[in-house]
Novice: 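The structure that follows is given in the form of C-alpha cells.
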Amino acid sequence: RVLSPRVPPRLLVAAMAAAIPTLADPPSRQMVQAIVDPLGYYRRCFRAHNGVVRVHMVPGFSPQQVLINDPAVLQELMGRDNGRGISAPGHLNDLMEQVVGQHSLMLLEPAPHRARRRLLTPPFHGERLKAYGALIQSIARQVFAELAPGQVWDARTQMQRITMRVILSAVFGIHEGERYRRLEDLLQRNLALRTGRFGSMMLFLPPLRRDLGSWSPGGRVRHLESATREVLLQEIAERRHSLETDDGSKREDVLSLLLACRDEGGEGLSDAELHDELLTLLLAGHETSATVLTWALHWIHHQPEVREGLLAELDGCDNPDDPEEIQRLRYLNAVVNEVLRIHPVAMLLFPRLVEEHLQLAGWAFEPGDVLFGCIQAVHERADLYPDPGSFRPERFLERSYGPGEFLPFGGGARRCIGAALALYEVKLILVTLLRQHRLTLTPGCDRPLPPRRRGFILGPSRPVRLRVLQA
C-alpha cells in the first residue's frame with residue numbers, strides 16, 4: 001500500500017486559489033486617504049486590483065486587512081457567517097465604542113449578538129412596523145405643514161426632525177414631553193459635532209479626543225455624552241419602576257422589551273447595557289435615514305422626470321394614504337434603491353475574521369485576515385450597474401440583484417437590524433412631502449453634489465436647500 005503524504009491545508013488552498021495582491025502605497029498614506037477621502041481611496045484600490053486587495057487603511061488594526069468588491073466573494077463570505085473558518089466578532093468594530101458604548105449590539109461577540117438580535121428584531125418588523133405607519137405620516141405632515149410658499153428650507157435639518165421623532169417613538173413609545181425634547185436637542189448637538197469635518201477626524205485619531213476643557217472639541221463631546229447619559233438613565237429608572245408596579249407591562253416599545261428580557265440565569269440587562277443599546281438605536285436609527293432622505297430629495301428634484309414619474313405612480317394608487325399600498329409601489333421602490341445604491345448607508349460591511357486557511361470564489365485567504373466588504377465599490381461596478389455615476393432608477397425595474405451585488409444595509413449575520421423600518425419610513429416621508437408640496441432646488445443646489453465624510457457615513461458636502469413653490 002502506497003501512503004500519500006498529507007498536504008497541509010495552507011498549501012492545498014494556495015495550490016487551488018489565487019494569491020491576493022497588495023496595494024503598494026505606504027500604510028501611513030493609505031490610512032490618511034481612507035479617513036479624509038474614503039471614496040477616492042476605495043476607487044484607487046480597485047483601479048489597481050479589482051476584486052480583492054490587501055490594504056492598510058484602518059489605524060490601530062491588524063495589518064492583515066483585505067478590501068473586497070467582488071460580489072461572488074461577498075456572497076460566499078456572508079453565507080458562511082458564524083460557520084467554520086469565518087466569524088464576525090464584535091471587537092473588530094471597536095472604533096464605534098466611542099460613539100455607542102461597549103455594550104452596543106454592534107460590539108457584541110457572536111453568541112450574545114445572536115441572542116440580543118432576536119430580542120430587538122420584533123419592534124422593527126411585521127405588525128409593529130405597520131403600527132408605525134400612521135405615526136410616521138402624522139409626524140411628517142406636522143413638520144411639512146409649517147412650510148409656506150416661497151420658503152427656503154434645509155432638507156437635512158427637516159429630515160432629522162422627522163426621523164428623530166420616529167425613532168423616539170419606536171424606542172420609548174412617545175416623542176413628546178420635556179425630557180424627549182431635551183434628549184432630541186442633546187443628540188442633535190452630539191451628531192452635529194461628530195459629523196463635522198473636525199469631528200470626523202476625532203473618530204479616527206484619539207489625540208484629538210482629549211478633554212482639554214469645555215472649550216475643546218473633546219471637552220464638548222464629554223459634556224454632551226454626560227448630559228445624554230443622565231437623561232437616558234432617568235428614563236430607564238422610571239421605566240423600571242413602572243414595570244415593577246405593572247403600570248407599563250403592556251407597553252411594546254423597545255425599552256420596555258429590553259427591560260423585560262431575562263437570560264438563562266434570570267438576569268436582566270444592566271443600566272449600562274440598556275444605555276448603550278438605546279444610544280445605538282437613537283443615533284443609528286435617525287441620522288442614517290435623514291441622510292438617505294436628503295440624498296433622495298436632491299436627486300428627485302435634480303432630475304424632474306423622476307419626480308414626475310413618482311407623482312404619476314401615486315395618481316394611479318387606489319389609496320395613497322395607505323402605508324402598505326405605498327410600500328408596494330414599484331417605481332418608488334426603484335427610486336429609493338437607486339439612492340441607496342449611489343449613497344449606501346454604510347461604506348463598508350461589518351468586518352469578518354478568517355480563522356483558518358480557506359478559499360472564497362477563487363481567492364486564497366489566510367488565518368488572521370480581516371475582511372472588509374466595500375459596499376460603495378460594489379455599487380459602482382460598471383459590469384453590474386452600467387454608467388454607475390448616473391441616477392437611473394429604471395435599472396431596478398429591469399433586473400434584480402443578488403445579495404452580494406446590492407447591500408445598502410450590509411448583509412449576513414450583521415445586517416442592519418433597522419433596515420426594514422428605514423425603508424418603510426423613507427418611502428412614507430417622501431410620499432407625504434411630494435403629495436403636500438411642490439418644491440424646487442434653490443440656485444446653486446442644482447449642481448452636482450459630491451459626498452463627504454460625516455462621521456462613519458457619507459453625506460452631502462453642501463446643504464440641500466429647496467424652495468416651496470406650492471403648498
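Keep in mind that the numbers below use all heavy atoms, side chains included, and drop hydrogens, waters and symmetry copies.
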Novice: With a 4.0 Å cut-off, would you call R415 and D81 a salt bridge?
Specialist: no
Novice: Taking the basic N atoms (NZ, or NE/NH1/NH2) and the acidic carboxylate oxygens, is any pair closer than 4.0 Å for E338 and R341?
Specialist: yes
Novice: Which distance, rounded to the nearest 0.5 Å, do you find between the CG of N190 and the OG1 of T228?
Specialist: 6.0 Å
Novice: Which word best sums up how the rings of H302 and H298 line up, parallel for under 30°, tilted for 30 to 60°, or perpendicular for over 60°?
Specialist: parallel
Novice: Kindly state whether the ring of F350 and the ring of F372 have centres lying under 6.0 angstrom apart.
Specialist: no
Novice: Taking S461 for the side chain and P450 for the main chain, is one N or O donor matched with an acceptor at less than 3.5 Å?
Specialist: yes
Novice: Taking atom OG of S226 and atom CG of L186, what is their separation to the nearest 0.5 Å?
Specialist: 10.0 Å
Novice: Any carboxylate oxygen within less than 4.0 angstrom of a Lys/Arg side-chain nitrogen, looking at D271 and R240?
Specialist: yes
Novice: Is it the case that T280 and S104 place a side-chain donor and acceptor less than 3.5 Å from each other?
Specialist: yes
Novice: Does R453 use its side chain to pair, donor to acceptor, with the backbone of G455 at less than 3.5 Å?
Specialist: yes
Novice: Do the ring planes of Y385 and H379 sit parallel (below 30°), tilted (30 to 60°) or perpendicular (above 60°)?
Specialist: perpendicular
Novice: Considering the options I429, T163, T432, which one meets the side-chain contact (heavy atoms from CB on, under 4.5 Å) requirement together with I136?
Specialist: I429
Novice: Can you find a side-chain donor-acceptor pair between S289 and E425 that sits under 3.5 Å?
Specialist: yes
Novice: Do F456 and F204 make the cut of ring centroids closer than 6.0 angstrom?
Specialist: yes
Novice: Take atom CZ of R210 as the centre, draw a 6.0 Å sphere, and report whether it contains more than 12 heavy atoms from other residues, nucleotides or ligands.
Specialist: no
Novice: Just verifying a value: how many Å separate L458 CG and I342 CD1, rounded to the nearest 0.5 Å?
Specialist: 13.0 Å
Novice: Please check if atom CZ in R197 has more than 12 non-hydrogen atoms from other residues, nucleotides or ligands closer than 6.0 Å.
Specialist: no
Novice: Can you check salt bridge (Lys or Arg N to Asp or Glu O under 4.0 Å) on D37 and R452, steps first, answer last?
Specialist: CA-CA 8 Å; D37 180 22; R452 74 162 177 85; over 6 Å; no
Novice: With the threshold set at 4.0 Å, does a side-chain nitrogen-carboxylate oxygen contact exist between R239 and E235?
Specialist: yes
Novice: Under 3.5 Å, is there a donor-acceptor pair between the R209 and Q98 side chains?
Specialist: yes
Novice: Hey, what do you get for CD1 (I162) to CD1 (I139), rounding to the nearest 0.5 Å?
Specialist: 8.5 Å
Novice: Within the supplied structure, the quantity of interest is the number of heavy atoms (other residues, nucleotides, ligands) at a distance under 6.0 Å from E178 CD; does it exceed 12?
Specialist: no
Novice: Verify the ring-centre separation between Y132 and Y424: is it less than 6.0 angstrom?
Specialist: no
Novice: So does R156 pair up with E287, basic N to acidic O under 4.0 Å?
Specialist: yes
Novice: If you look at every heavy atom in R352 and A413, which pair is closest and at what distance?
Specialist: NH2-N, 4.0 Å
Novice: Would you say E405's side chain and G402's backbone share a donor-acceptor pair under 3.5 angstrom?
Specialist: yes
Novice: Measuring from L224:CG to L187:CG, what's the distance to the nearest 0.5 Å?
Specialist: 9.5 Å
Novice: Taking salt bridge (Lys or Arg N to Asp or Glu O under 4.0 Å) as the cut-off, I'd like each qualifying pair that reaches into residues 100-126, sequence neighbours left out, listed once.
Specialist: R116-E277
Novice: Would the distance check show the side chain of E273 and the main-chain N or O of S270 forming a donor-acceptor pair, the cut-off being under 3.5 Å?
Specialist: yes
Novice: Which label fits H343 and W295: parallel for a plane angle under 30°, tilted from 30 to 60°, or perpendicular past 60°?
Specialist: parallel
Novice: Determine, for E184 against R181, whether the closest basic-nitrogen to carboxylate-oxygen distance falls under 4.0 angstrom.
Specialist: no
Novice: Using a strict cut-off of less than 4.0 Å between a Lys/Arg side-chain nitrogen and an Asp/Glu carboxylate oxygen, indicate whether D185 and R161 qualify as a salt bridge.
Specialist: no
Novice: Is R179 paired with E238 through a side-chain N to carboxylate O contact shorter than 4.0 Å?
Specialist: yes
Novice: Between E127 and K130, is there a side-chain N and carboxylate O pair less than 4.0 Å apart?
Specialist: yes
Novice: With rounding to the nearest 0.5 Å, note down the distance linking CD1 in I417 to CG in L120.
Specialist: 4.5 Å
Novice: Tell me if a side-chain donor or acceptor on E313 pairs with a main-chain N or O of R330 at a distance below 3.5 Å.
Specialist: yes
